[in-house]
Amino acid sequence: MTTQSHLERLNPEQRAAIETTEGPLLVLAGAGTGKTRVLTTRFAHILLSGKAKPWQILAVTFTNKAAREMRERISLLIGEPAEGLWLGTFHALCARMLRRHAEYVGLRSGFLILDTDDQLRLVKQVIEPWRIDVKRWPLPGLLGVIQRWKDRGLTPDRVTAAEDNGYADGHAQAIYAAYQTRLRELNACDFGDLMLHIVEILRTRPDVLEQYHRLFRYILVDEYQDTNTVQYLWLRLLARRNDAPSNICCVGDDDQSIYSWRGAEVENILRFEKDFPGAKIIRLERNYRSTAQILGAAAGLIAHNDGRLGKTLRPGREDAEGEPVQIVSIWDSDAEAREVCKRIEALRRDDHTLREIAILVRAGFQTRAFEERLVQFGIPYRIVGGLRFYERAEIRDALAYMRVLVNPVDDLAFERIVNVPKRGVGTAALQKLHAEARTARSGLAVAVENLLQSGAFRGKSQEKLTSLMQTFAQHRRVLEREGHIVAVNGLLEDSGYIEMWRTDNSPDAPGRLENLKELVRALADFGTLGEFLEHVALVMDAEGAAEEDRVSVMTLHGAKGLEFDTVFLPGWEEGVFPSQRTLDEGGDKGLEEERRLAYVGITRARHRAIILHAASRRIYANWQESMPSRFLDELPDEYVEREGETATRRERQDYSGFFRSSVFSDSQNSTMAPLIARKRRTPVHEDLISNTPQIGVGARVFHQKFGYGVVISADHGATEVAFEEAGTRRVMSSYLQTVSG
DNA sequence: GCGAATGTTTTTTTT
DNA sequence: AAACATTCGC
């Protein structure tokens, strides 16, 4: 390949983004404007023009998928396998760096990377001295607080008292410190530490920093709008230098920033010019993906956001006319799923590929309704990003066995599997083990040996534990002599783990055995068990072999970066989308992020986008009315076509106060249902409401179960009451009695 | 220590 | 309604 040929068939902006190699550059790449192409071509261009060797370019992505894709496309461009590159996710690259310098943060190079389960087990141990009420302060929440500090680059000593805002009665910072100490004792890292530690090293060890300054001549960053503070700090440390300009190129789209809940700061991209003086900005605005109508609708929507860097997508294709975005109003959530399936069936009859159809939902729970209906219609589908391979219990168990095999002092893994399958080790025995481990200053495995010696276990557990320990010892020898595949196979078999699933009668047991086989098969791709475990810890997604013709069902977040001919966007209702929780927690900023999510959703579509909303939705067991999403009003009329009933703002109010009548649950034609139901509005529910005493805020009340309390807030059925004994709870107002006093 | 029975909560989004 | 956790009886 010649130096120039890869630059052909690029538009002028893309070309500029590739050829501007020196100095800081921000490429604002709107949806569908060829972002990945620019990134990969730029990488190849730097190589082919001889400006840097492969290992002198740092290329960072957020997902493993993006990293894989980039690697493949670079190989194609340069005509050889792209190996030995610093190309990967933030976490994978940081892990690689941290292995080299672990000792500067009190770790050894072989440190463990913990998964979420391990983290939970660990904080559970750590909080003991504080006697935290885990009912009131759930552990995942505590881990969340710690994670957010880590996202912001705050080591325990950097957390100010003001930051410790109340979680776990204001002990969060102290717990954080203890947790970090415990991690060091275990020679372990959680996910956040990979970033946090390396940033700490780079900011305190100029010599190490300089090493990387010498190494990396060019830095490429994908999805810059999603970087959190530590990631930003890491990039800034690596990019800013005294001796040379910062050859950092960040590609991103402020309109697609949808990960603030994970600590991402849109400000990072908005501030780029200040961070890197002399930065150039190139806008990619020509969209080669979607029709003019889809782009118009998306642009109209996103225009409602403030504080954008400003960018307008223009159709880049000549044939970009097409159908307007459809807004379909439907009676209820069952009808919504049915309607989507009907339309998919129609598309299928017209020879559309199912692979090119997606249903994009706001939150995971929405997928279930579609799943059921798709099955009923006999439409092949796949749920993308549901429970991932490495998150399944059997996979985690098997991995824990492997971890103990390579590392006898991996207590977190050991604790996971001592009693799986059942070996008579319950909470009491486990406590004994911990106590023994503490006094012997050893790992749990050694504690087991000690207690076995002293005969602390009763008959069956004594026997089973002895056998378990022997099995481990034996397969450690096998591991050395015959390699990891044989050893793992034997271990899972002899420990009784495989047998446990074989004798399990539950319907998903065969599937689990299949997964285990798959896992063992994957071992063959790695030279050692250690390598395999490292890969698994960092690459939590397994490559789906699915290139079959199926409809994709996934969350809007999961759909980022993908595109489909036809996209269904159900559930555009207030409370669902925009999500009530985001609104409550994030206010106007939250709303803007939801709007960006809507923008991401619409721009996934090449030819057709169909938005749906239902007037009534089943939540838990009962039905709840819902108003059309405000985003529907924000879509410009000239690009949309509204069908079904009641999609306009004037009629919105009409929704409040009518209930779904069960008489019409199934047989009705969905688009007609609202009309009929409105006429037949049954008085039953109204009776219920009028019979319920309206209790005002501030009233003193009595509840059979919770005792006396004061009403804090009241809406239709649910009332929030601060009880004297039972704390603040939401209860049904019909169960309350007002009392004087 | 285990399984059944009872009570409680659930709906973001993920490297 | 269903999954989940905790309690209870053996």
Side-chain angles (χ1 to χ4, degrees), chain A residues 60-67 88-95 113-116 119 134-135 138-140 143-144 147 150-151 189-196 222-223 226-228 230-231 257-264 333 360-369 372 384-388 390-391 418-419 421-432 457-461 464 536-541 554-560 571 573 575-586 590 593-594 596-598 600-601 617-624 705 726 729-730:
Chain A
V60 205
T61 64
F62 269 85
T63 64
N64 294 298
K65 197 170 148 234
T89 63
F90 277 99
H91 296 275
L93 292 166
C94 284
I113 300 169
L114 302 189
D115 66 23
T116 328
Q119 289 182 49
V134 289
K135 266 253 166 6
L139 293 182
L143 274 173
Q147 186 56 54
K150 291 185 175 179
D151 284 344
C189 260
D190 68 15
F191 244 74
D193 283 338
L194 295 173
M195 297 288 326
L196 185 70
D222 191 15
E223 308 278 20
D226 288 334
T227 49
N228 62 33
V230 233
Q231 289 161 341
S257 161
I258 55 174
Y259 281 110
S260 73
W261 50 271
R262 206 172 70 184
S333 45
L360 307 181
V361 297
R362 173 63 183 88
F365 74 91
Q366 290 171 268
T367 58
R368 182 185 283 174
E372 285 166 6
V384 181
L387 45 136
R388 290 172 302 171
Y390 290 111
E391 275 169 5
V418 242
N419 204 33
K422 298 265 182 290
R423 298 190 181 90
V425 183
T427 36
L430 205 58
Q431 250 159 28
K432 257 191 260 173
F457 297 103
R458 280 188 306 239
K460 226 169 49 181
S461 32
K464 290 193 165 164
V536 168
L538 292 168
V539 184
M540 288 298 284
D541 64 340
M554 64 181 103
T555 64
L556 287 160
H557 285 88
K560 191 160 121 183
E573 293 140 41
V576 177
F577 191 33
S579 128
Q580 192 56 50
R581 183 160 165 188
T582 306
L583 257 33
D584 291 347
E585 286 169 9
E593 180 147 321
E594 294 287 295
R596 290 195 291 266
L597 200 48
V600 168
R617 183 165 295 273
R618 204 212 297 262
I619 302 213
Y620 306 137
N622 41 19
W623 292 88
Q624 206 172 293
K705 193 165 165 200
R729 287 167 187 275
R730 288 183 78 83

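Here is the naming used below: chain letters follow the sequence lines, and residue numbers restart at 1 for every chain.
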By side chain to side chain donor-acceptor pair (under 3.5 Å) - contacts of A:S260 (at least two apart): A:E593

All ring pair (Phe, Tyr, Trp, His ring centres under 6.0 Å) counterparts of A:F191, not counting sequence neighbours: A:H91

Touch class at under 4.0 angstrom, heavy-atom based, for A:A92 against every strand present: nothing

What's touching nucleotides 13-15 of chain B from the protein side, N or O pairs under 3.5 Å?
from: B:dT13; atom 1: OP1; to: A:G364; atom 2: N; distance (Å): 2.3
from: B:dT13; atom 1: O2; to: A:W261; atom 2: NE1; distance (Å): 2.9
from: B:dT14; atom 1: O4'; to: A:R262; atom 2: NH1; distance (Å): 3.2
from: B:dT15; atom 1: OP2; to: A:R388; atom 2: NH1; distance (Å): 2.1
from: B:dT15; atom 1: OP2; to: A:R388; atom 2: NH2; distance (Å): 3.3
from: B:dT15; atom 1: O3'; to: A:F62; atom 2: O; distance (Å): 2.8
from: B:dT15; atom 1: O2; to: A:H91; atom 2: NE2; distance (Å): 2.9

Side chain to side chain donor-acceptor pair (under 3.5 Å) partners of A:S333, counting only residues at least two apart: none

Gap in Å between the two C1' atoms, one belonging to B:dT11 and one to C:dT6, rounded: 23 Å

Listed nucleotide nearest any side-chain atom of A:R368, set C:dA2, B:dG1, B:dC2: C:dA2

Sequence-distant partners of A:T227, side chain to side chain donor-acceptor pair (under 3.5 Å), two or more places apart: A:N268

Spacing between A:Q624 atom CD and C:dA1 atom P, to the nearest angstrom: 15 Å

Aromatic ring pairing A:H557/A:W261, orientation class (parallel under 30°, perpendicular over 60°, tilted between): perpendicular

Partners passing ring pair (Phe, Tyr, Trp, His ring centres under 6.0 Å) against A:F62 (at least two apart in sequence or in another chain): A:F90

Gap between atoms CZ and C1', on A:R618 and C:dA2 respectively (whole Å): 12 Å

